[in-house]
Engineer: 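Please find one structure pasted underneath; my questions will follow.
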Amino acid sequence: MWIRQIFLGILGLSSGFAVSGGMFALLIALGVISRFAGKTHTAKYIFYYEDAAAIGGILGNLFSVYRFPIPVGMVGVVSYGLFSGIFTGAWAMALTEIVDAVPIFSRRIRLKMGMPWIILSMALGRTLGALVYAYYGF
């Protein structure tokens, strides 16, 4: 029985390494970290950004695989949910901006006016979808 648990632990950890490696490859390929440092005029701290991204990937991997209990109470859970949602939304919008998905899409459908409303409706739709998912659990 313990051999199966060890195997599953190694498999989960390896899968997490593969996913986080893909995420870091995407970060590097798109130049997100260097662009962020350039936009904020903090290029001298680029090594801290890289370290924070690596530590975040490692800790996220460990927390998702082994599910360490963190006694933070309801305030901590709500704060985590809020900041996770903000991060996910900002990440999705940054990726669409970097790969120029919105301008290409708007040119293809010949959209002249109303782009702020479309972006707002996408954000609200994502929020509503996340709330429905959280409430119903599917």
Side-chain angles (χ1 to χ4, degrees):
M1 185 68 171
W2 59 272
I3 292 176
R4 181 177 178 205
Q5 295 296 321
I6 291 173
F7 175 73
L8 289 175
I10 291 172
L11 181 68
L13 192 61
S14 300
S15 300
F17 284 149
V19 170
S20 64
M23 187 197 79
F24 291 131
L26 181 67
L27 280 172
I28 292 168
L30 295 176
V32 173
I33 293 176
S34 58
R35 182 178 289 208
F36 179 70
K39 292 282 187 184
T40 58
H41 307 294
T42 56
K44 62 184 176 182
Y45 300 112
I46 191 73
F47 292 117
Y48 293 124
Y49 289 136
E50 293 171 353
D51 290 343
I55 290 170
I58 291 168
L59 290 177
N61 189 15
L62 290 173
F63 282 122
S64 68
V65 171
Y66 295 110
R67 301 188 187 260
F68 299 115
I70 304 173
V72 292
M74 186 56 72
V75 173
V77 171
V78 169
S79 298
Y80 176 77
L82 177 68
F83 289 122
S84 296
I86 290 170
F87 173 77
T88 303
W91 179 247
M93 292 308 290
L95 283 177
T96 57
E97 179 186 330
I98 288 172
V99 297
D100 295 329
V102 174
I104 292 170
F105 177 71
S106 65
R107 274 195 304 265
R108 290 211 178 160
I109 65 170
R110 294 179 176 85
L111 181 67
K112 301 283 186 212
M113 297 176 2
M115 184 56 74
W117 293 105
I118 291 175
I119 292 174
L120 178 65
S121 65
M122 287 191 302
L124 292 175
R126 181 178 291 270
T127 302
L128 182 65
L131 291 173
V132 168
Y133 178 81
Y135 185 74
Y136 291 109
F138 55 86

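Values reported hereafter were calculated over all heavy atoms of this structure, with side chains retained and with hydrogens, waters and symmetry mates removed.
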Engineer: For atom CZ of Phe7, is the number of surrounding heavy atoms from other residues, nucleotides or ligands below 6.0 Å larger than 12?
Structural biologist: no
Engineer: So which atom in Tyr49 and which in Thr40 form the shortest heavy-atom distance, rounded to 0.1 Å?
Structural biologist: OH-OG1, 3.6 Å
Engineer: If the test is side-chain contact (heavy atoms from CB on, under 4.5 Å), which one of Leu8, Ile10, Ile3 qualifies with Ile6?
Structural biologist: Ile10
Engineer: Is there a chain of hydrophobic side chains (I, L, V, M, F, W, Y, each step under 4.5 Å between heavy atoms) that links Tyr66 to Ile55?
Structural biologist: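 Result: yes, single cluster for both.
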Engineer: Are Tyr136 and Leu131 connected in the hydrophobic side-chain network, where two residues link if heavy atoms are under 4.5 Å apart?
Structural biologist: no
Engineer: Does the pair Ile70 and Phe63 meet the rule for a side chain to side chain contact (heavy atoms under 4.5 Å, CB included), with working shown?
Structural biologist: CA-CA 10 Å; Ile70 304 173; Phe63 282 122; 3.8 Å; yes
Engineer: Are Leu59 and Leu13 in one and the same hydrophobic cluster, where Ile, Leu, Val, Met, Phe, Trp and Tyr link if side-chain heavy atoms are under 4.5 Å apart?
Structural biologist: yes
Engineer: Please answer: with hydrophobic residues joined when any side-chain heavy atoms are less than 4.5 Å apart, are Leu124 and Trp117 in the same cluster?
Structural biologist: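 Linked within one cluster.
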